[in-house]
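One structure below.
Below, chain A is the first sequence line, B the second, and so on; all start at residue 1. Any value given below was found using the heavy atoms of this structure, including those in side chains, with hydrogens, waters and symmetry copies removed.
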Amino acid sequence: MGYLKTTTIRGNDYNFPIYLPDATRAVARSLDSEDLKKSKIEGVVVNTYHLMSEPGTPILETVGGVKKFMNWDGLVVSDSGGFQVFSLIYQDPKFGKISDAEVTFYKSSKGEKRKYHFTPERSIQVQFVLGSDIIICLDDVPSVNAKEDQVRLSVKRTIEWAKRCKEEFAKQLQSRKMDHKNRPLLLAVIQGGDFLHLREECAQELIKIGFDAFGYGGFPMDEQGNFRTETLKFVAGLMPDDKPKFALGVGTPQDIVEGFKMGYNIFDCVLPTRDARHQRLSVLSKDPKTLDVLHEPVFNYLNMNREKFVKDSGPISEYCDCFTCQNYSRAYLHHLFKIEEFTAGRLASIHNLRTYTKIIELLRATLA
RNA sequence: GGGACCGUAGCGCAGUUGGUUAGCGCGUCUCCCUGUCACGGAGAAGGUCGCGGGUUCGAGUCCCGUCGGUCCCG
């Protein structure tokens, strides 16, 4: 037993750990697929909920799936949409309602109101249309302040739905004539909040059903904003070591290092791209050649909206080899942000993502 | 030489018939963002209202003077 260093999906090999930015609506905001490659990104996470409402499954089917749609030949993981649906509905019931059978949600955009029926089966079907490499089971994501009783129900529902997802997954494989060589992986999410016995129960049941990979579900941060170290570590320990462990929604570069130490293989997070658009840049704490990634703080934040950068002709980070740092100055980026030019978010995102992939490279090097 | 308008926070401006600790936008400075309804959110600092008189219980607001600026007519 040990850390899973690689996996093969549909004939392609992927190295672990891996960080995947969120391309929720089939685009990592402000970036195109070439930009992602510039940042050495190897895969993305798209979102079933968002893509089934826009552009919708008929169009995705016509264009031949997400990879062709966004001209991306890297790894594609599709999130089930559970996180969105539940966080919206728990936040305000006007967004929809939840029953054991299905989730009904109302989406209004540009004055148009539409009603969707979302089931575990439907989520899987749509994910096959998306053509993703890793399909995630629809799960029940309890709200941050949920009491134990509510969390227990969410675990129960998550298990039930995972079962239904697996059945639908098998049907899809059969009707699409997919075998173990060209089929996607099916990942189940372990819920249970901070109640470790519920996490344990959830993991055991899901393992019993049998999945290709497992994910940590829920919010990786507690209400005080602290990384849920204890829970994350415990949940990683519940997962089989020979299958990919996905820490959903994690995290800062430092969180990813911590997650890696716990045994997680896959990470996705909106932070680097959202931060970039909000002028918060991640920079390596020191020269990666001398950085002890496992034992030293790996990064610092740099806010580009500072007057002091007006005349700063240096790169964002002297240790960074990204497209932005090789070609543009802090002064230029500061200027672009000041005039609210979209290119600012793009160049900043390219940099932040490269910081993430650089840390990933350092983590991989520790496995060799 | 005559006339009009304007001087209020670093910048651009509001300030109603004079009424408690003078507002707004931008900027500045903090802080926040973790399976993206997120090209955003929260907060703070900063002004003896050009200057000097006067009227009034009370003046950024009214009156006189003065300095500075913009424009128009000679």
Rounding to the closest angstrom, what is the interatomic distance between [N] and [M] at atom [atom1]?
N	M	atom1	result
B/U17	B/G43	P	33 Å
B/G53	B/C13	P	29 Å
B/G10	B/A45	C1'	13 Å
B/C57	B/G52	C1'	23 Å
B/C26	B/U66	C1'	33 Å
B/C64	B/G69	P	22 Å
B/G41	B/A22	P	28 Å
B/C67	B/A9	P	23 Å

To the side chain of [X], which of [options] is closest?
X	options	value
A/Arg306	B/C39, B/C33, B/C29	B/C29
A/Arg29	B/C39, B/C33, B/U28	B/C39
A/Val45	B/C39, B/C33, B/G35	B/G35
A/Leu248	B/U34, B/G27, B/G35	B/G35
A/Asp79	B/G35, B/U28, B/U34	B/G35
A/His278	B/U30, B/G40, B/U34	B/G40
A/Arg274	B/G35, B/C29, B/A38	B/A38

Let me know the distance between [atom1] of [X] and [atom2] of [N], rounded to the nearest Å.
X	N	atom1	atom2	result
A/Met304	B/C33	CE	P	20 Å
A/Leu186	B/G35	CG	P	21 Å
A/Glu223	B/C32	CD	P	18 Å
A/Phe86	B/G35	CZ	P	17 Å
A/His334	B/U28	NE2	C1'	10 Å
A/Tyr301	B/U34	OH	P	10 Å
A/Leu185	B/G35	CG	P	22 Å
A/Gln224	B/C32	CD	P	15 Å

Side-chain donor-acceptor pair present, [X], [Y], cut-off under 3.5 Å:
X	Y	answer
A/Glu341	A/Thr343	yes
A/Thr8	A/Asp13	yes
A/Thr324	A/Gln326	no

Does [N] pair with anything, Watson-Crick or G-U wobble, both distances under 3.5 Å, and if so, with which nucleotide?
N	result
B/G7	B/C67
B/C24	B/G12
B/G1	B/C73
B/G19	B/C57

Check: B/G35 base within 3.5 Å donor-acceptor of A/Asn47 side chain: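 Not at all, since no donor on one side and acceptor on the other fall under 3.5 Å apart.
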side-chain contact (heavy atoms from CB on, under 4.5 Å), paired with A/Tyr319, selected from A/Asp287, A/Thr355, A/Val283: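 Among A/Asp287, A/Thr355, A/Val283, the one that satisfies the side-chain contact (heavy atoms from CB on, under 4.5 Å) with A/Tyr319 is A/Asp287.
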Identify whether any heavy atom of [X] sits under 4.0 Å from a base atom; if not, whether one sits that close to sugar-phosphate; answer base, sugar-phosphate or nothing.
X	result
A/Asp255	base
A/Arg280	base
A/Gly251	base
A/Asn305	sugar-phosphate

Close residues, residues 188-220 of chain A, relative to RNA chain B [heavy-atom separation under 4.0 Å]: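 Here the set is A/Val189, A/Gln191, A/Gly218, A/Pro220.
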Test log, rule ring-ring contact (aromatic ring centres under 6.0 Å, His included), inputs A/Phe260 and A/Phe267: CA-CA 9 Å; A/Phe260 167 78; A/Phe267 303 88; 8.0 Å; no
Residues A/Tyr19, A/Tyr356; criterion ring-ring contact (aromatic ring centres under 6.0 Å, His included); working and verdict: CA-CA 7 Å; A/Tyr19 162 76; A/Tyr356 272 62; 4.8 Å; yes
Minimum heavy-atom distance A/Asn352-A/Pro272, with the two atoms named: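 Looking at all heavy atoms of both residues, the closest pair is ND2-O, 2.9 Å.
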Working for ring-ring contact (aromatic ring centres under 6.0 Å, His included), residues A/Phe219 and A/Phe83: CA-CA 9 Å; A/Phe219 297 87; A/Phe83 189 82; 5.2 Å; yes
Side-chain heavy-atom pair A/Pro288, A/Ile359 within 4.5 angstrom cut-off: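 A side-chain contact is absent here, since even the closest heavy-atom pair is not under 4.5 Å.
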Centroid-centroid under 6.0 Å between A/Phe299 and A/Tyr301 rings: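 Ring-ring flag for A/Phe299/A/Tyr301: true, centres closer than 6.0 Å.
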Closest-nucleotide 5' rank along RNA chain B - winner of A/Gly345 and A/Val250: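 Result of the comparison: A/Val250.
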